Asker: 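Provided herewith is a single structure, encoded as structure tokens, for subsequent inquiry.
Order of the sequence lines sets the chain letters (A, B, ...), proteins ahead of strands, with each chain counted from 1. Not measured: the values here are computed from a predicted model.
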2 protein chains.
Amino acid sequence: MDTEEQLNRAFLALGDPVRRAIVARLSRGAATVNELAEPFDISLQAVSKHIQVLEQAGLVSRTRDAQRRPVHLEAARLERLTAWIDTYRLAAEQRFRALDALLASTDGGAAATEEKKQ
Amino acid sequence: MDTEEQLNRAFLALGDPVRRAIVARLSRGAATVNELAEPFDISLQAVSKHIQVLEQAGLVSRTRDAQRRPVHLEAARLERLTAWIDTYRLAAEQRFRALDALLASTDGGAAATEEKKQ
DNA sequence: TCATTGATCAACCGATCTGTTGAATAAAGA
DNA sequence: TCTTTATTCAACAGATCGGTTGATCAATGA
């Protein structure tokens with residue numbers, strides 16, 4: 001399973017309010033499909049599909065307990081997402097700070113100001 | 001503009017490899033649509049649409065420089081995404097650590113083990 | 001003014017997504 | 001065995017997505 005593909009699936013999975021609510025719920029502990037479906041006004045089958053999407057993204061996993069299939073949050077996968085975002089966020093912020101420093105230093109500030117105001 | 005809706009758009013926006021590549025590129029500095037389109041084998045119009053998706057998500061903004069429209073990364077919006085993810089990731093990890101502690105403490109470990117192995 | 005450059009708008013197409021309903025499967029319990 | 005509970009599978013409909021091409025707009029520069 002490609003990592004790029006997993007990133008894709010994970011971000012797409014979180015791009016839905018029902019699935020984000022499911023993730024939020026699971027952060028407080030494992031739950032069955034029925035339990036997860038309870039707050040929503042959609043069919044159980046629709047919720048089951050949402051869980052499959054989250055599972056394919058690696059964001060949740062499932063075990064078996066008799067006829068129940070408890071769903072668990074995979075915190076490690078969430079961390080991969082923040083890691084991806086932070087890579088670029090921090091790069092952008094650092095670049096911005098470097099520009100600030102340049103701006104503050106004596107002269108040569110013209111070009112820096114040009115970029116800064118954009 | 002609803003915050004929930006913005007979260008949605010932002011996660012969906014990052015759920016596409018072209019848009020993630022654009023974000024990565026912009027973390028190294030602003031760029032025009034033409035510059036952003038250069039690495040891809042798709043039409044300029046397609047890239048323009050991707051940028052509009054990112055803009056609607058609040059992940060990028062644009063200024064004007066003659067007939068060019070430089071695109072800038074909005075690091076603050078990226079931070080909101082990590083903040084959302086971390087809220088639930090940290091909750092899940094803390095719960096897990098609490099379970100570990102319970103497990104390590106003398107007896108009463110049966111129920112904890114039960115959850116832990118799932 | 002007219003051609004060029006940079007980018008967007010509009011209409012369209014095929015694929016994927018989110019929901020539905022109805023049927024099927026799997027395990028537990030009477 | 002028969003019923004109930006928990007969940008999934010299958011087929012479908014409508015909406016949205018990502019791409020295309022062709023036309024248009026806006027600013028520069030000759």
Side-chain angles (χ1 to χ4, degrees), chain A residues 1-2 4-23 25-26 29-72 114 118, chain B residues 2 4-23 25-26 29-73 114 118:
Chain A
M1 214 57 76
D2 193 3
E4 176 80 1
E5 185 59 30
Q6 285 282 38
L7 254 189
N8 240 314
R9 289 188 209 267
F11 279 124
L12 284 175
L14 294 182
D16 178 285
V18 171
R19 288 192 293 256
R20 276 201 307 283
I22 289 175
V23 167
R25 166 63 186 80
L26 291 177
T32 67
V33 177
N34 265 298
E35 286 165 356
L36 290 172
E38 197 271 321
F40 304 106
D41 272 351
I42 58 178
S43 68
L44 197 66
Q45 289 95 320
V47 174
S48 180
K49 278 192 193 179
H50 278 301
I51 294 168
Q52 285 175 57
V53 171
L54 288 166
E55 192 177 21
Q56 281 242 321
L59 290 169
V60 307
S61 62
R62 344 186 53 166
T63 47
R64 187 168 261 287
D65 167 27
Q67 70 267 61
R68 265 157 251 109
R69 308 249 173 113
V71 184
H72 311 258
E114 188 56 25
Q118 280 178 1
Chain B
D2 191 4
E4 176 79 359
E5 186 59 30
Q6 285 281 40
L7 253 192
N8 239 312
R9 289 188 209 266
F11 278 125
L12 284 176
L14 293 182
D16 179 284
V18 170
R19 288 191 293 257
R20 276 200 307 283
I22 289 174
V23 167
R25 165 65 186 79
L26 291 175
T32 67
V33 178
N34 266 296
E35 288 165 354
L36 290 171
E38 198 270 321
F40 303 107
D41 272 350
I42 59 177
S43 69
L44 198 65
Q45 290 94 321
V47 173
S48 180
K49 277 193 193 177
H50 280 302
I51 294 169
Q52 285 176 58
V53 170
L54 288 166
E55 191 176 22
Q56 281 243 321
L59 290 169
V60 307
S61 62
R62 342 184 54 165
T63 48
R64 186 169 263 286
D65 167 25
Q67 70 267 59
R68 266 158 247 108
R69 310 246 172 115
V71 184
H72 310 256
L73 191 61
E114 188 57 25
Q118 276 177 4

Asker: Whole angstroms only, please: what is the CG-C1' distance between A/Leu44 and C/dT21?
Answerer: 13 Å

Asker: List the steps and the verdict of side-chain contact (heavy atoms from CB on, under 4.5 Å) for B/Glu5 and B/Arg9.
Answerer: CA-CA 6 Å; B/Glu5 186 59 30; B/Arg9 289 188 209 266; 3.7 Å; yes

Asker: Nearest nucleotide by nearest heavy atom, which residue falls closer to the 5' end of DNA chain D, A/Gln52 or B/Ser43?
Answerer: A/Gln52

Asker: Kindly compute the distance separating CG (A/Leu54) from OG (A/Ser61), expressed to the nearest 0.5 Å.
Answerer: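 Separation between the atoms: 11.0 Å.
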
Asker: Of A/Asp16 and A/Arg68, whose closest DNA chain C nucleotide lies nearer the 5' terminus?
Answerer: A/Asp16

Asker: Grab the CZ-P distance between A/Phe40 and C/dG19 for me, whole Å please.
Answerer: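 My rounded result for the distance is 10 Å.
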
Asker: Take atom CD of A/Gln67 and atom C1' of C/dT25, then tell me their distance rounded to the nearest Å.
Answerer: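 In whole Å, C/dT25 C1' and A/Gln67 CD are 12 Å from each other.
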
Asker: Using whole Å, report how far NZ of A/Lys49 lies from C1' of C/dT16.
Answerer: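 These atoms are roughly 12 Å apart.
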
Asker: Go through the steps for A/His72 and A/Arg62 under the test side-chain contact (heavy atoms from CB on, under 4.5 Å), then give the verdict.
Answerer: CA-CA 6 Å; A/His72 311 258; A/Arg62 344 186 53 166; 5.5 Å; no

Asker: Over all strands shown, is B/Gln45 touching base, sugar-phosphate only, or nothing at heavy-atom distances under 4.0 angstrom?
Answerer: base

Asker: Of the non-hydrogen atoms in B/Pro39 and B/Glu35, which two are nearest, and what is the gap between them?
Answerer: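 Scanning both residues, the minimum pair turns out to be CD-O, 3.7 Å.
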
Asker: Name every donor-acceptor pair, under 3.5 Å, that has one atom in a side chain of residues 11-21 of chain A and the other anywhere in the protein, sequence neighbours excluded.
Answerer:
{"from": "A/Asp16", "atom 1": "OD1", "to": "A/Val18", "atom 2": "N", "distance (Å)": "2.8"}
{"from": "A/Asp16", "atom 1": "OD1", "to": "A/Arg19", "atom 2": "N", "distance (Å)": "3.1"}
{"from": "A/Arg19", "atom 1": "NE", "to": "A/Ala13", "atom 2": "O", "distance (Å)": "2.7"}
{"from": "A/Arg19", "atom 1": "NH1", "to": "A/His50", "atom 2": "ND1", "distance (Å)": "3.2"}
{"from": "A/Arg19", "atom 1": "NH2", "to": "A/Leu12", "atom 2": "O", "distance (Å)": "3.4"}
{"from": "A/Arg20", "atom 1": "NH1", "to": "A/Leu14", "atom 2": "O", "distance (Å)": "2.6"}
{"from": "A/Arg20", "atom 1": "NH2", "to": "B/Glu4", "atom 2": "OE2", "distance (Å)": "3.1"}

Asker: Go through DNA chain D in 5' to 3' direction and return only the first and the last nucleotide with some atom under 4.0 Å of chain A's heavy atoms.
Answerer: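 Reading along DNA chain D, I get D/dT5 to D/dA11.
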
Asker: Please report the distance, rounded to the nearest Å, between CG in A/Leu54 and C1' in C/dT18.
Answerer: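 Rounded to whole Å, this separation is 14 Å.
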
Asker: Return the value, rounded to whole Å, for the distance between atom CD1 of A/Ile42 and atom C1' of C/dC17.
Answerer: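 Nearest whole value for this atom pair: 13 Å.
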
Asker: On DNA chain C, nearest-nucleotide positions of B/Asn34 versus A/Val18: which is more 5'?
Answerer: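 That would be B/Asn34.
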
Asker: To the nearest angstrom, how far is B/Leu12 atom CG from C/dT18 atom P?
Answerer: 8 Å

Asker: Rounding to a whole Å, what distance do you find between A/Arg69:CZ and C/dA27:P?
Answerer: 8 Å

Asker: I need the minimum non-hydrogen distance between B/Leu44 and B/Ala37, along with the two atoms involved.
Answerer: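 The pair with the smallest heavy-atom distance is CD1-CB, 3.5 Å.
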
Asker: So, taking the atom named CG in A/Leu59 and the one named CD1 in A/Ile51, what distance separates them when rounded to the nearest 0.5 Å?
Answerer: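 Those atoms lie 12.5 Å apart.
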
